[in-house]
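Below, chains carry the letters A, B, ... as their sequence lines are ordered, and counting in each starts from 1.
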There are 2 protein chains.
Amino acid sequence: MSSPSIPSRGRPPRLDRAKTVETALELLDDVGLEALTMRRLADRLGVQAGALYRHFTTKQDLLTAMAERMLGDVQASTGSEDWEGRLRALARAMRRVLLARRDGARVFGGTHSVGPHTLAFAESVLGVFREAGFKDEDAARALMTLVNFTLGHTLEEQAATMPREDGAPDEADRLRSAVLAGPYPHLTATVPVLTSTDFDAHFEFALDVHVEGLRRLRCGA
Amino acid sequence: MSSPSIPSRGRPPRLDRAKTVETALELLDDVGLEALTMRRLADRLGVQAGALYRHFTTKQDLLTAMAERMLGDVQASTGSEDWEGRLRALARAMRRVLLARRDGARVFGGTHSVGPHTLAFAESVLGVFREAGFKDEDAARALMTLVNFTLGHTLEEQAATMPREDGAPDEADRLRSAVLAGPYPHLTATVPVLTSTDFDAHFEFALDVHVEGLRRLRCGA
DNA sequence: ACCTGAACACCGTTCAAGT
DNA sequence: ACCTGAACACCGTTCAAGT
């Protein structure tokens with residue numbers, strides 16, 4: 001088999017987008033977004049940094065491809081549930097794939113992929129809304145809101161669970177001492193919840209609010 | 001007056017945190033977050049870059065002070081409205097101050113100030129919820145959700161309205177052509193809304209969903 | 001005490017030249 | 001066609017030395 005199709009003049013390339021993106025995601029998991037540099041990625045690929053620019057026009061282009069690749073891991077929920085159940089499943093799936101990689105939310109939030117995985121996800125969410133009877137305008141805005149809040153939540157979650165260097169106080173600790181030092185009765189009462197690490201509960205709360213609000217808007221107006 | 005209080009040995013400082021933060025915010029408006037460097041800021045202050053580290057331990061510390069300063073511009077809505085009206089006013093005020101400066105949302109989102117302005121804002125939102133009868137746990141999570149979605153929205157808004165360099169296609173254009181090139185019926189139907197620049201309408205939709213959802217949760221459970 | 005000058009250890013990106 | 005080698009124009013941060 002392996003038809004030569006286009007007889008590629010010169011040597012076969014040692015790099016390609018797919019393999020580079022895969023390696024970049026592994027490097028991301030190992031060192032985090034801050035330390036993900038073109039030079040370090042080139043090192044891991046056994047290549048010079050400049051070679052990466054044959055396959056990605058900029059670092060931003062690489063990050064966008066990484067975000068697109070991450071979205072490819074969302075499971076298509078073929079469930080025969082109602083629209084609310086299908087919506088919850090899609091939101092949880094998006095959260096899951098972002099949490100699956102170190103700084104995944106920041107990578108996704110810093111890019112705007114229009115690749116097939118990203119569009120397929122948006123298409124699924126829109127399908128749920130439109131088949132549930134939402135107007136096109138509401139469906140589009142409901143998609144934006146859902147992506148927004150899911151991204152925002154995972155951003156906070158990954159920021160809060162970041163491994164802090166020795167000696168530096170936890171973010172929760174900094175908030176606690178600042179709140180207790182000032183005249184903040186409401187914050188004082190709620191700071192245990194605000195610094196809680198039960199992010200599943202926080203996410204499900206936001207998801208409940210969102211779905212509940214959308215249900216009201218579906219019939220009204 | 002002007003009591004010498006502590007006789008400051010040596011020359012009076014040419015820099016202080018407040019003035020530096022103010023200048024940094026002006027520089028941000030002029031050049032954007034990407035070009036906001038310690039060297040450029042030092043230049044504008046007539047000082048060497050290293051001098052900034054007498055007043056801010058890191059650039060992150062400076063950015064946090066900038067975010068804190070921005071939150072100081074929220075107007076205290078002393079309105080005698082119901083909890084929903086007060087909540088809407090606070091969310092709109094947060095959106096307003098973030099939109100007031102170039103890349104304001106990204107600066108705020110990349111930091112976690114526990115300064116008085118930030119805490120005062122959180123305290124206000126929590127006050128609305130708790131006085132409306134929300135449980136402490138729900139109030140705390142509703143605050144997180146509100147800040148989340150307001151930040152996420154302004155992040156998207158400022159990303160979409162960024163001045164693009166010549167020749168580079170608009171983000172909306174890229175989305176449009178990608179959608180029309182593939183099998184995406186739902187996206188095709190909604191892409192006019194998704195690429196709409198009526199961000200007020202998008203924000204008010206999300207605010208409606210949020211408030212509507214919270215109203216249901218207040219009594220229930 | 002506060003700032004300068006200069007360095008350290010990096011960045012992303014470009015591009016002639018090799019193969 | 002693809003990659004190397006080397007450079008360009010920067011970064012954030014540190015710190016001896018000056019005043």
Side-chain angles (χ1 to χ4, degrees), chain A residues 2 4-21 23-24 27-28 30-67 103 106-107 110-111 162 165-168, chain B residues 4-21 23-24 27-28 30-67 103 106-107 110-111 165-168:
Chain A
S2 89
S5 57
I6 297 153
S8 62
R9 198 174 290 267
R11 278 196 300 293
R14 295 154 56 193
L15 249 44
D16 64 281
R17 281 182 69 98
K19 193 200 168 192
T20 305
V21 167
T23 307
L27 183 58
L28 180 70
D30 288 346
V31 302
L33 182 58
E34 231 74 23
L36 178 74
T37 68
M38 298 301 264
R39 284 167 213 262
R40 257 189 275 260
L41 175 57
D43 261 15
R44 191 169 282 217
L45 288 161
V47 106
Q48 293 292 318
L52 294 169
Y53 291 84
R54 282 285 127 193
H55 305 274
F56 302 90
T57 61
T58 59
K59 184 182 183 182
Q60 188 62 30
D61 185 27
L62 169 68
L63 289 168
T64 302
M66 290 167 69
D103 294 329
R106 272 164 73 198
V107 171
T111 59
M162 249 179 73
E165 41 261 36
D166 330 71
Chain B
S5 56
I6 297 156
S8 63
R9 199 175 289 266
R11 278 196 300 293
R14 295 155 55 195
L15 249 45
D16 64 282
R17 282 180 69 98
K19 192 198 168 193
T20 305
V21 167
T23 306
L27 182 59
L28 180 70
D30 288 346
V31 302
L33 181 58
E34 231 74 23
L36 177 74
T37 68
M38 297 302 264
R39 283 166 214 262
R40 258 189 274 258
L41 175 57
D43 261 14
R44 191 168 281 217
L45 288 161
V47 107
Q48 293 292 318
L52 293 169
Y53 291 84
R54 283 284 129 195
H55 305 274
F56 302 90
T57 61
T58 59
K59 183 182 184 181
Q60 187 63 31
D61 184 26
L62 169 68
L63 289 168
T64 302
M66 291 167 68
D103 294 330
R106 271 163 75 198
V107 170
T111 58
E165 41 261 37
D166 331 72

Which value, rounded to the nearest 0.5 Å, describes the distance between Thr23(A) atom OG1 and Leu28(A) atom CG?
-> 12.5 Å
Figure out the CG/C1' separation between Leu36(B) and dC11(D), and round it to whole Å.
-> 13 Å
Look at the side-chain N and O atoms of Arg14(A) and state whether any lies under 4.0 Å from the OP1 or OP2 oxygen of dT4(D).
-> yes
Quick one: Arg39(B) CZ to dG12(D) C1', roughly how many Å, whole number?
-> 7 Å
Indicate whether OP1 or OP2 belonging to dC11(D) is found under 4.0 Å from a side-chain N or O atom of Arg40(B).
-> yes
Output the residues of residues 42-51 of chain B in contact with DNA chain D, where contact means a heavy atom of the residue under 4.0 Å from an atom of the strand; sort by number or write none.
->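 Here the set is Gly50(B).
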d(Leu45(B) CG, His55(B) NE2) to nearest 0.5 Å is 9.5 Å
Working to the nearest 0.5 Å, report the span between CG of Leu27(A) and OG1 of Thr20(A).
->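 Rounded to the nearest 0.5 Å, the CG-OG1 separation comes out at 12.0 Å.
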CA sep, side-chain torsions, deciding dist, call: Leu15(B), Arg54(B), side chain to side chain contact (heavy atoms under 4.5 Å, CB included) = CA-CA 9 Å; Leu15(B) 249 45; Arg54(B) 283 284 129 195; over 6 Å; no
Ignoring hydrogens and angles, tell me if any N or O in the side chain of Arg40(A) forms a donor-acceptor pair with the backbone of Val31(A) under 3.5 Å.
-> no
What do the steps show when you test Met66(A) against Leu33(A) for side chain to side chain contact (heavy atoms under 4.5 Å, CB included), and what is the final call?
-> CA-CA 12 Å; Met66(A) 290 167 69; Leu33(A) 182 58; over 6 Å; no
Could you work out the separation of dC3(D) and dC15(C) based on their C1' atoms and round it to a whole Å?
-> 12 Å
When you check the gap from the basic side-chain N to the acidic O, do Arg106(B) and Asp103(B) get nearer than 4.0 Å?
-> yes
May I ask you to decide if Phe56(B)'s main-chain N or O and Arg17(B)'s side chain share a donor-acceptor pair within less than 3.5 Å?
-> no
If you round to the nearest 0.5 Å, how far is CZ of Arg39(A) from CG of Leu41(A)?
->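 CZ of Arg39(A) is found 12.5 Å from CG of Leu41(A).
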Residue-level proximity of residues 52-63 of chain B to DNA chain C when a heavy atom falls under 4.0 Å =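 By residue number: Arg54(B), His55(B).
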Determine the interatomic distance between P on dA9(C) and the same-named atom on dA9(D); round to the nearest Å.
-> 23 Å
Rounded to the Å, how far apart are Met38(B) CE and dC10(D) P?
-> 18 Å
Can you tell me the distance, in whole Å, between the NZ atom of Lys19(A) and the C1' atom of dC3(D)?
->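 Answer to the nearest Å: 14 Å.
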Point-to-point distance, once rounded to the nearest 0.5 Å, from CG of Asp43(B) to CD of Gln48(B) |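 Asp43(B) CG to Gln48(B) CD: 8.0 Å, rounded to 0.5 Å.
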Roughly how far, to the nearest 0.5 Å, is CG of Leu63(A) from NZ of Lys59(A)?
->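 One gets 6.0 Å once the value is rounded to the nearest 0.5 Å.
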Strand DNA chain C as a dot-bracket string - pairs counted if Watson-Crick or G-U with both distances under 3.5 Å, | where the partner lies in another strand = ||.|||||...|||||.||
